[in-house]
Amino acid sequence: MTAYPLIRTKWSNEHIMAALFAVLVLYLLPQWLDKPGELFGFAVLLLFGLLIDVAANMFRYHKPVCAVSAAVTTAMLELLTPGVPLWGRLLGVSFALIIGKHIWGGTGKNPFNPAAAGLFFMSILFVVEFPPFYAAVLLVPAMLFSLPFAGFRPFAAGGMILGMLAAMLTSGELSIINMLSYGVVFWGCLVITDPATVTPDPLIGLMSGLLAGFLPLYLSGTVWALALGILAVNTVSAVTADNRGKAISLARLSFKGRKPFHYSIDEVKLIDAVGEETGYNGEMPELSSDQIMSRIRENNVFGFGGAAYSVYDKIMAVMSCGSKAGHLVVNGVECDPGLIHDKWILKRFPNEILHGIDIISKIMSFESIVLAVKDGEICHVPESVKLHKVADYYPVGAEKTLIKEVLGKEIPYGAFPAEQGILVMNVQTVLAVYEAVYLNRKADTRFLTAADLRNKKVQVVRVRLGAKIHETVEAIYPGQGYVFAGGGIMQAWLAEDEEVIDKKVNFLAVGRFPAYKESQLCSKCGLCRRNCPEGLKVNDIAKLVDEGKLKETEKLHAEKCIGCGSCSYVCLAGRNLSKRTLSAREFLRQKAVRFCNVK
Ligand code: SF4
Ligand code: SF4
């Protein structure tokens with residue numbers, strides 16, 4: 001079963017490009033009202049551009065589709081090439097779409113931005129005048145409309161606006177009317193609206209934006225300088241983005257302000273499908289560390305965070321690593337935006353968790369004990385425990401990421417935290433340790449999060465392991481809908497009819513199937529790569545998977561994928577990328593097992 005996110009970013013390439021097209025049309029409208037013949041010429045150009053895109057997509061992907069980006073490229077060339085005859089523009093659009101978009105890769109992380117490439121090509125063949133930007137009334141809504149797009153690349157957009165202002169200042173042409181007529185804000189936002197032509201890296205983005213804004217205006221205000229300037233900084237941007245792969249991949253996926261559910265943790269009520277007293281009032285029995293370990297083993301305490309490891313084995317691994325400086329990290333971070341039960345457990349059972357920490361510290365001594373949370377107010381801890389509030393991004397709760405955040409230690413791929421004396425335990429696991437030792441209770445029930453994706457409702461549920469997933473969900477949220485199970489809203493799968501809740505299930509949900517496009521179309525925006533916590537070249541892996549070349553994904557280290565789903569969430573083309581990277585990972589892991597067996 002392959003897990004994938006049940007939510008996706010609201011933005012898509014089509015939305016961005018459609019809004020950008022609207023901005024361009026708003027800007028061009030006064031000119032068309034003045035000379036209606038130009039509108040006819042644009043209609044011909046637009047139809048031609050769309051047909052070229054359809055033909056190219058038919059050739060490349062065997063699909064007769066055209067993207068809104070082709071309309072945007074056409075409109076930009078219409079705007080930027082006054083005085084060029086229609087046949088010249090048709091040539092320019094052909095060059096932009098065939099060479100700039102389809103051969104060189106698309107509107108995304110592509111040094112040859114299609115419109116700029118077409119513009120440069122046309123400025124070689126024709127005398128292209130610098131377009132007269134009018135401070136028309138319709139420019140105001142166009143500018144305002146384009147401003148939010150600067151949010152995609154704020155540093156690059158800001159740099160470009162500053163660069164253009166600086167060029168005007170240096171040439172003694174800085175005035176309100178010039179700012180409007182050169183379209184400082186308009187261009188600053190418009191050019192950067194190609195969401196990934198310019199890198200999201202703040203420093204490179206700022207520098208690229210400054211150069212792209214400054215050089216064309218300062219050099220001569222000619223079209224070729226404008227096109228060449230944009231192409232040059234895009235090239236620098238793309239090359240440096242690739243070379244700074246690791247730094248770029250530190251982009252953090254945040255769900256602040258766009259949580260998938262409406263709830264207040266204080267008001268969340270427990271739905272108890274187990275029907276037993278929780279009975280968290282036990283007295284700590286007098287037990288030696290061996291006896292404590294026996295209770296942990298006999299009561300089958302496992303990792304509740306999703307890994308389902310044996311806690312007994314994990315503690316033994318840390319004890320046998322020989323490291324003198326042991327660290328205990330209690331993971332209360334719950335990074336998946338769909339999970340709420342760890343927060344709820346921390347609120348309801350703080351004393352039991354602290355007792356659980358005491359028990360673990362009786363078995364072995366630690367140099368530091370850290371309780372990692374997102375909300376520092378969530379509970380009070382004794383001096384022996386350090387409350388560490390971590391940054392709110394996804395997937396900060398992943399074991400190695402959390403260790404880096406909390407202890408500043410990097411655990412390389414293939415190595416285990418236990419080898420460095422680090423024991424990481426989820427809060428529910430610590431609660432289970434407490435129950436196993438204080439109450440001699442088996443770890444055969446669990447708390448999890450159950451969500452209704454249709455109504456954005458969410459509950460904490462206590463279930464028995466082995467309960468049927470469909471029956472459990474139907475009892476909580478009666479009605480029609482697909483039933484999902486998994487590690488969270490970012491890592492879920494469609495539950496089969498007879499599937500049961502096992503140790504790895506943290507999340508149940510009912511709702512619609514996520515609207516992924518099983519398309520191979522990729523704009524090379526690079527968002528998937530930059531949001532991959534493992535720094536993988538996700539779109540390249542996905543391409544190999546689509547072509548059935550699973551073996552070749554080894555070169556791109558697909559085995560490192562942690563299945564977080566960030567790539568599928570951010571993909572502006574709506575592709576389910578984690579499904580592809582996980583299938584590559586599975587293939588490589590099985591290949592490794594086969595190789596070991598043969599040896
Ligand atoms: S490829 Fe990267 S972003 Fe995508 S699921 Fe794997 S680790 Fe997460
Ligand atoms: S696969 Fe990656 S590069 Fe391609 S459109 Fe999706 S996020 Fe952008």
Side-chain angles (χ1 to χ4, degrees), residues 2-9 11-17 57 60-61 65 67-69 101 104-110 152-153 194-200 238 241-242 245-246 248-253 306 335-337 393-401 413 486-493 516-547 553-554 556-589:
T2 311
Y4 42 79
L6 302 180
I7 46 170
R8 279 188 43 215
T9 175
W11 288 92
S12 72
N13 280 332
E14 282 87 355
H15 290 133
I16 295 166
M17 290 298 159
N57 282 325
R60 291 177 70 194
Y61 305 111
V65 291
V68 194
S69 61
K101 179 176 174 183
W104 287 102
T107 47
K109 203 176 83 180
N110 171 14
F152 275 98
R153 297 289 179 264
D194 184 345
T197 293
V198 173
T199 171
D242 266 352
K246 195 65 190 169
I248 299 291
S249 75
L250 291 180
R252 293 167 163 186
L253 193 57
C335 64
D336 187 287
Y393 68 92
Y394 179 78
V396 66
E399 190 173 63
K400 290 183 179 177
T401 311
Y413 176 73
I489 201 165
M490 295 294 284
Q491 304 176 58
W493 59 81
Y516 286 112
K517 293 181 194 158
E518 284 315 311
S519 143
Q520 295 178 15
L521 292 177
C522 163
S523 64
K524 296 200 176 172
C525 66
L527 285 177
C528 51
R529 299 154 80 125
R530 289 190 286 271
N531 283 287
C532 173
E534 293 299 313
L536 300 178
K537 294 182 174 173
V538 186
N539 56 329
D540 291 345
I541 296 174
K543 185 167 181 283
L544 290 173
V545 173
D546 285 340
E547 291 167 357
T553 62
E554 194 168 10
L556 300 174
H557 303 291
E559 74 283 357
K560 286 187 175 178
C561 172
I562 59 169
C564 66
S566 302
C567 48
S568 298
Y569 178 83
V570 297
C571 177
L572 293 177
R575 306 172 74 202
N576 192 349
L577 298 165
S578 55
K579 190 174 160 198
R580 292 165 165 92
T581 53
L582 281 170
S583 70
R585 181 184 83 175
E586 199 46 36
F587 173 85
L588 295 178
R589 288 190 176 172

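First listed ligand is number 1; within each ligand, the first listed atom is number 1. Side chains included, hydrogens not; waters and symmetry mates left out as well; all remaining heavy atoms used.
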Using a 4.5 Å cut-off on heavy atoms from C-beta on, say whether the side chain of [Y] contacts that of [X].
X: N539; Y: R529; value: yes
X: E534; Y: H557; value: no
X: Y569; Y: Y394; value: no
X: P395; Y: C335; value: yes
X: E14; Y: L572; value: no
X: M490; Y: C564; value: no
X: C571; Y: C528; value: no
X: L556; Y: L536; value: no

Ignoring hydrogens and geometry, is there a side-chain-to-backbone donor-acceptor pair from R585 to C561 under 3.5 Å? yes

Ligand 2 versus R575, non-hydrogen atoms closer than 4.0 Å: side chain, backbone, both, neither? side chain

Please classify the V570 to ligand 2 contact at 4.0 Å (heavy-atom distances, strictly less than): side chain, backbone, both or neither. neither

Using a 4.0 Å cut-off to any heavy atom of [X], which atoms of ligand 2 qualify?
X: C571; result: 1 (S), 5 (S), 6 (Fe), 7 (S)
X: A573; result: 5 (S)
X: L577; result: 1 (S)

Measure the distance from [atom] to every protein heavy atom, then report the residue, atom name and distance (to 0.1 Å) of the closest one.
atom: atom 8 (Fe) of ligand 2; result: C525 SG, 2.3 Å
atom: atom 3 (S) of ligand 2; result: G526 N, 3.2 Å
atom: atom 4 (Fe) of ligand 2; result: C522 SG, 2.3 Å
atom: atom 2 (Fe) of ligand 2; result: C528 SG, 2.3 Å

Within less than 2.8 Å of atom 8 (Fe) of ligand 1: protein N, O or S atom count: 1

Among residues at least two apart in sequence or on other chains, which ones pass side chain to side chain donor-acceptor pair (under 3.5 Å) with K400? none

